[in-house]
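Just so we're on the same page: letters track the sequence lines, and every chain starts at 1.
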Number of protein chains: 2
Amino acid sequence: MAASIKEVAQRAGVSLGTVSNVLNRPDIVSPETRKRVQEAIEELGFVRNDSARQLRAGRSRTVAIVVLDVSNPFFTDVVRGAESIVEGAGGMVVVCNSGGDAAREHRHLDVLEEQRVQGILVTPVSDGKQPRLDRIVTRGIPVVLVDRGAGLANQCSVAVDDVLGGRIAAEHLAERGHRRIAFVGGPLALRQVTDRRTGAETALAELGLPAPLVVETPMLSVSAGRQAADEIVALPSTRRPTAIFCANDLVALGVLQALTAHGLKVPDDIALVGYDDIEFAAGAAVPLSSVRQPREQLGRTAAQLLLEESTDPEHHEHRHVVFQPELAVRQSSERKRRRVR
Amino acid sequence: MAASIKEVAQRAGVSLGTVSNVLNRPDIVSPETRKRVQEAIEELGFVRNDSARQLRAGRSRTVAIVVLDVSNPFFTDVVRGAESIVEGAGGMVVVCNSGGDAAREHRHLDVLEEQRVQGILVTPVSDGKQPRLDRIVTRGIPVVLVDRGAGLANQCSVAVDDVLGGRIAAEHLAERGHRRIAFVGGPLALRQVTDRRTGAETALAELGLPAPLVVETPMLSVSAGRQAADEIVALPSTRRPTAIFCANDLVALGVLQALTAHGLKVPDDIALVGYDDIEFAAGAAVPLSSVRQPREQLGRTAAQLLLEESTDPEHHEHRHVVFQPELAVRQSSERKRRRVR
DNA sequence: CCTCGTTTGTGAAACGTTTCATGCAACGGA
DNA sequence: TCCGTTGCATGAAACGTTTCACAAACGAGG
């Protein structure tokens with residue numbers, strides 16, 4: 001059933017090595033033999049056994065990307081960016097989902113290490129030391145951290161300046177005349193979340209404005225956003241913020257939905273700014289202002305760094321690429337009508 | 001650098017086979033030797049080489065799922081369902097994205113075949129004959145079709161009755177008093193799309209209502225939905241539908257956004273029903289009525305069928321599981337106010 | 001005619017596992 | 001004492017490739 005190179009050789013009346021040559025260096029074998037071999041391959045429905053190939057050759061053409069949340073459009077866009085580069089180089093991308101769970105992340109990394117993949121792009125669940133990643137790196141498998149500032153120096157990283165992103169969002173809202181601003185997102189243990197918060201707080205402090213009300217959520221999801229908005233709506237109107245900056249767009253969409261359900265108008269009653277600029281942000285019924293990250297670019301760059309290190313590990317120097325976010329201004333943070341009129 | 005079983009054996013002062021036994025059948029080796037071996041493994045940082053293991057053992061613990069669109073939350077939920085089952089059985093899921101492109105789908109399937117994965121869950125791009133899939137099946141790799149009625153009998157499939165789904169949506173809108181109903185979605189070559197349309201048309205015909213206006217979109221995305229809505233808004237109000245049934249939620253969200261932008265109220269001016277009931281549907285600013293598919297359940301069942309076939313190919317009989325969709329009624333299709341009041 | 005280089009094909013070794021037949025020692029029962 | 005078991009470890013074969021040193025055939029140049 002599973003035809004091997006040996007049977008192909010037999011059928012084509014050539015040696016085993018010749019078949020391998022047809023497969024890997026077709027140019028060094030004469031046209032006629034090549035043809036005969038190819039016919040045999042065709043007839044037998046032969047398909048290379050990648051395990052054997054990899055065992056002998058030591059290399060794999062598979063790049064893995066381990067994402068925090070496969071349901072978050074932000075990550076699927078990063079994946080698409082990585083795919084475009086890796087497939088262009090003749091490789092293949094597989095996606096693994098940690099779902100924010102450290103145990104699952106570990107399981108995935110273990111299996112990927114056993115598989116000796118060509119390299120791993122990963123947004124780790126936690127920020128601390130990563131003995132697993134370190135071991136993988138010392139084994140010679142390149143690792144690139146995605147959307148995570150590089151703590152350690154033994155791997156490349158690509159990220160977006162989240163502190164700047166938070167700053168931009170806060171300055172935008174301040175410039176629109178808002179004084180009472182809330183920050184919604186969590187868990188605060190996530191680096192991305194704290195960076196965005198820090199940026200916003202710093203900017204407000206510099207402008208002499210009060211620190212934002214921080215509402216922590218258990219995760220970055222639509223439903224978490226909805227619950228947070230319920231809390232905010234329950235505040236007495238004198239303390240209720242006039243603007244909310246959310247740690248990502250999923251949360252912002254949840255907030256938007258809950259505010260609307262409570263009869264509050266966005267942006268007239270409360271302005272809203274999200275983060276990531278996923279497609280659903282622009283498509284929301286009140287189009288969402290959002291801090292845009294170059295999502296696909298993030299994936300592309302990460303993949304490029306990985307391939308670079310993989311191709312020439314000797315001369316490779318680890319790099320840390322940081323992109324600048326920019327604000328996409330939409331209706332959810334338009335100037336309040338009462339001020340315009 | 002890459003410690004092998006042989007070096008572990010040497011260090012522990014045992015034979016090569018004993019190390020393998022510690023790894024695979026720890027119970028048949030005496031506690032003391034086991035301990036010595038495990039220490040050696042620890043000290044050398046040994047990690048099994050999966051290529052060699054697989055080459056020899058013939059089996060893999062990796063299940064692949066090839067999805068049409070990794071950015072569509074519908075598929076990410078199916079993935080999560082499959083993950084829960086496969087990981088429960090000690091396996092691992094990798095996700096491959098065809099992006100609706102037949103060539104990429106083929107590339108992925110080829111590589112997966114070379115890798116001799118344990119099995120493949122796939123929503124194929126096209127409906128016709130699938131020589132590649134047939135070959136994979138004859139090689140002994142189980143394949144389960146996801147969200148695709150089974151044309152051929154040589155594999156299992158799980159799907160949702162899309163004709164019924166279309167019927168449910170149409171009957172719901174008719175019951176709400178709508179007479180002029182539009183269907184938005186495409187490309188019409190996609191089985192899912194035509195089934196949903198057929199169901200709607202059949203239902204309307206049975207009720208003696210006029211056939212729906214069909215607006216075909218080039219793909220099932222938010223932006224495609226926006227463009228389709230622009231077309232509909234441009235119609236003279238006497239011909240303009242009072243309700244729109246969309247082939248999926250992404251399209252429906254686009255339609256919703258465009259209608260709102262044109263100043264039309266949902267559901268008062270135009271009612272809206274989507275399909276899939278993704279999380280963003282309930283979270284939209286006008287919560288979207290939607291035909292719910294058991295997304296995770298779809299993934300779970302597919303994975304179960306796959307593992308079943310994989311475990312016991314002899315006694316396995318291919319099955320075709322069809323789920324019933326149900327309607328989640330929300331604000332976007334509430335009874336028109338002018339009729340209620 | 002000899003030598004040399006080129007082109008093309010060969011055969012065996014090696015990659016790191018798993019598996020299986022076999023060896024060896026110790027033990028209990030008759 | 002002998003035999004049959006039992007428990008544990010061994011060593012070699014096999015999985016399907018890639019790679020590499022080498023051989024065969026051939027023509028060209030001296």
Trainee: Rounded to the nearest Å, what distance is computed from the CZ atom of residue B:R34 to the P atom of nucleotide D:dG7?
Mentor: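 Answer to the nearest Å: 14 Å.
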Trainee: To the nearest Å, how far apart are B:Q54 CD and C:dT19 P?
Mentor: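 Nearest whole value for this atom pair: 13 Å.
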Trainee: Does a side-chain N or O from A:T18 land closer than 4.0 Å to OP1 or OP2 of C:dT10, or not?
Mentor: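 Yes, because at least one side-chain N or O of A:T18 sits under 4.0 Å from OP1 or OP2 of C:dT10.
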Trainee: Can you list the residues that meet the side-chain hydrogen bond (donor to acceptor under 3.5 Å, both in side chains) rule with B:R295, with sequence neighbours excluded?
Mentor: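 Partners of B:R295 under the side-chain hydrogen bond (donor to acceptor under 3.5 Å, both in side chains) test: B:D77.
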Trainee: Sequence neighbours excluded, which residues qualify as side-chain hydrogen bond (donor to acceptor under 3.5 Å, both in side chains) partners of B:R11?
Mentor: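 Result, side-chain hydrogen bond (donor to acceptor under 3.5 Å, both in side chains) vs B:R11: B:E43.
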Trainee: For the pair made of CZ in A:R36 and C1' in C:dG9, what is the distance, rounded to whole Å?
Mentor: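 From A:R36 CZ to C:dG9 C1': 11 Å.
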Trainee: Run the side-chain hydrogen bond (donor to acceptor under 3.5 Å, both in side chains) test against A:S15 and tell me which residues pass, sequence neighbours left out.
Mentor: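 Once residues adjacent in sequence are excluded, the partners of A:S15 under the side-chain hydrogen bond (donor to acceptor under 3.5 Å, both in side chains) criterion are A:T18.
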Trainee: Using the salt bridge (Lys or Arg N to Asp or Glu O under 4.0 Å) criterion, which residues pair with A:R319? Sequence neighbours excluded.
Mentor: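 Only A:E308 meet the salt bridge (Lys or Arg N to Asp or Glu O under 4.0 Å) criterion with A:R319.
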Trainee: Does the protein touch nucleotides 14-19 of chain D at the base, only the backbone, or not at all? Give it as B, S and - per nucleotide, heavy atoms under 4.0 Å.
Mentor: BBBBBB
Trainee: What does the inter-axis angle of the helix from C:dC1-D:dG30 to C:dA30-D:dT1 come out as, five pairs per end, nearest 10 degrees?
Mentor: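 End axes: 60° apart.
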Trainee: Write down the atom of B:D69, the atom of B:F75, and the distance for their closest heavy-atom approach.
Mentor: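 Here B:D69 and B:F75 meet closest at O-CD1, 3.6 Å.
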Trainee: Show the atom names and distances, to 0.1 Å, of all donor-acceptor pairs under 3.5 Å that link a side chain in residues 57-68 of chain B to residues at least two apart or in another chain.
Mentor:
{"unit_1": "B:S60", "atom_1": "OG", "unit_2": "B:T62", "atom_2": "N", "d": "3.0"}
{"unit_1": "B:R61", "atom_1": "NH2", "unit_2": "B:A89", "atom_2": "O", "d": "2.8"}

Trainee: Applying salt bridge (Lys or Arg N to Asp or Glu O under 4.0 Å), name anything that partners B:E7, two or more places apart in sequence or on another chain.
Mentor: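 By the salt bridge (Lys or Arg N to Asp or Glu O under 4.0 Å) rule, B:E7 matches no residue at all.
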Trainee: Mind checking side-chain hydrogen bond (donor to acceptor under 3.5 Å, both in side chains) for B:K6 and listing every partner two or more places apart, or none if nothing turns up?
Mentor: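 For B:K6 there are no side-chain hydrogen bond (donor to acceptor under 3.5 Å, both in side chains) partners, ignoring immediate neighbours.
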